[in-house]
Visitor: 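Have a look at this one before I ask anything.
Numbering of residues begins at 1 and proceeds along the displayed sequence. The model shown is predicted, which means the values in this text are computed figures rather than measured ones.
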Amino acid sequence: MNRLEIGLLGLCVAVIGAGVGGVATHTSTAHRAAATTTAPSTTTSSIPPSSSTTVPAGPGSSSQALAVGMLSPTDLGGFYRVNTGSALSLVRSAPCLAGLGPSPAQSGNALMGLVGPDAGGLPFIAEIVGSYPGGTAAGVYQQVTAALRSCPTFSAIIEGVSDHVPLTEGNLQQLGDASSEFEGSFTAAGRPERLQVGVALTGQDVICVVWVAASAGYNPIYGDLPSTLSAAIGKLA
């Protein structure tokens, strides 16, 4: 699938302010499943730096090792297929996630996008991880979660559609060394959906999982945000 992408929004960790206010809307009415003209990516990937000559060097050399430790279709029952482009589009278009982009302060950075066989059938999952030297990961985790708290509307391209989701902090049992969860409801192609963003600190890694599923008719046998974030932490351990 060919996913719409916009330019990379900031590479350094920063607390991002509020996004677009109001109820959930779409700037495109295209069905998520219809936003495709080319075959999807089939490999994990670190987030490539912008081509701008003013952008500092990217993360250190552990990005490939992180990519190997990302969630895979096999980890989630085999029903998914990899589409890294969908995760790239989401991260690059979401001001609330700017602090998760690649940075020279990182020893590694990688992401993974997983999509189901049809729109709404399985949750859309994006996993982003950054690794930091020494004890700096805790500060990054605090800054990323602070940015999400100050972001009442989560605006991003999700599976080819520009969405604006009112965001509030939810309740999440502690995962890893620390964890937080943010969520909101919106409508996609006339279908109610729920977006959740889970962020966890584990050792030198900051892990984020964006999980989007239909609000009604979803079969919980396929997991939820806490189980998916827990699986991501366990695989990277």
Visitor: Is there a side-chain contact between Asp177 and Tyr141 in this structure, where contact means two heavy atoms from C-beta onward sitting under 4.5 Å apart?
Guide: no

Visitor: What are the two closest non-hydrogen atoms of Ala156 and Ala94, and how far apart are they?
Guide: CB-CB, 3.7 Å

Visitor: Under the salt bridge (Lys or Arg N to Asp or Glu O under 4.0 Å) test, which residues partner Glu181, sequence neighbours left out?
Guide: none

Visitor: Looking at Pro133 and Ala105, what are the two nearest heavy atoms and their distance?
Guide: CD-O, 3.3 Å

Visitor: First locate atom CG of Leu71, then atom CE of Met112, and finally report the distance between them rounded to the nearest 0.5 Å.
Guide: 7.5 Å

Visitor: Does the side chain of Met70 reach to within under 4.5 Å of the side chain of Thr84, using non-hydrogen atoms?
Guide: no

Visitor: Evaluate Asp163 against Phe154 for side-chain contact (heavy atoms from CB on, under 4.5 Å), listing each step before the verdict.
Guide: CA-CA 8 Å; Asp163 294 307; Phe154 186 93; over 6 Å; no

Visitor: So which heavy atom on Ala232 is nearest to which on Val209, and how close?
Guide: CB-CG2, 4.2 Å

Visitor: Thr145 and side chain to side chain contact (heavy atoms under 4.5 Å, CB included): which single residue from Ser179, Ser180, Ser150 fits?
Guide: Ser180

Visitor: Dump the intermediate steps for side-chain contact (heavy atoms from CB on, under 4.5 Å) on Ser63 and Gln106, then the final yes or no.
Guide: CA-CA 9 Å; Ser63 294; Gln106 297 168 335; over 6 Å; no

Visitor: Between Pro226 and Leu172, is any pair of side-chain heavy atoms under 4.5 Å apart?
Guide: yes

Visitor: Answer whether the closest heavy-atom distance between the side chains of Leu236 and Thr202 falls below 4.5 Å.
Guide: no

Visitor: Would the distance check show the side chain of Tyr80 and the main-chain N or O of Pro123 forming a donor-acceptor pair, the cut-off being under 3.5 Å?
Guide: yes

Visitor: Atom CG of Asn83 and atom CD1 of Ile125: how far apart are they, to the nearest 0.5 Å?
Guide: 13.0 Å

Visitor: Could you state the interatomic distance from CG (Leu111) to CG (Leu100), rounded to the nearest 0.5 Å?
Guide: 10.0 Å

Visitor: Is Ser93 reaching over with its side chain to a backbone N or O of Ile157, donor-acceptor style, under 3.5 angstrom?
Guide: yes

Visitor: So, does Lys235 use its side chain to make a donor-acceptor pair with the main chain of Gly69 at under 3.5 Å?
Guide: no

Visitor: Looking at OG1 of Thr168 and CD of Glu183, how far apart are the two atoms once the value is rounded to the nearest 0.5 Å?
Guide: 5.0 Å

Visitor: Within the 4.5 Å heavy-atom criterion, are Val210 and Val91 side-chain neighbours or not?
Guide: no

Visitor: Can you measure from OG (Ser107) to CG (Leu66) and round to the nearest 0.5 angstrom?
Guide: 7.0 Å

Visitor: Would you compute the distance between atom CD1 of Ile233 and atom CG of Leu175 and round it to the nearest 0.5 angstrom?
Guide: 5.0 Å

Visitor: Measure from the side-chain N and O atoms of Ser89 to the backbone N and O of Ser86, and report whether any donor-acceptor pair falls under 3.5 Å.
Guide: no

Visitor: Taking all non-hydrogen atoms of both residues into account, name the closest pair between Phe182 and Arg149 and its distance.
Guide: CE2-CG, 3.5 Å

Visitor: Is there a side-chain contact (heavy atoms from CB on, under 4.5 Å) between Trp211 and Leu229? Walk through the geometry before answering.
Guide: CA-CA 9 Å; Trp211 195 88; Leu229 182 57; over 6 Å; no

Visitor: May I ask you to test the Leu122-Leu114 pair for a side-chain heavy-atom distance under 4.5 Å?
Guide: no

Visitor: For a side-chain contact (heavy atoms from CB on, under 4.5 Å) check, start with the C-alpha distance between His164 and Ser162, then their side-chain angles and the critical distance, and finish with the verdict.
Guide: CA-CA 7 Å; His164 307 293; Ser162 180; 3.9 Å; yes

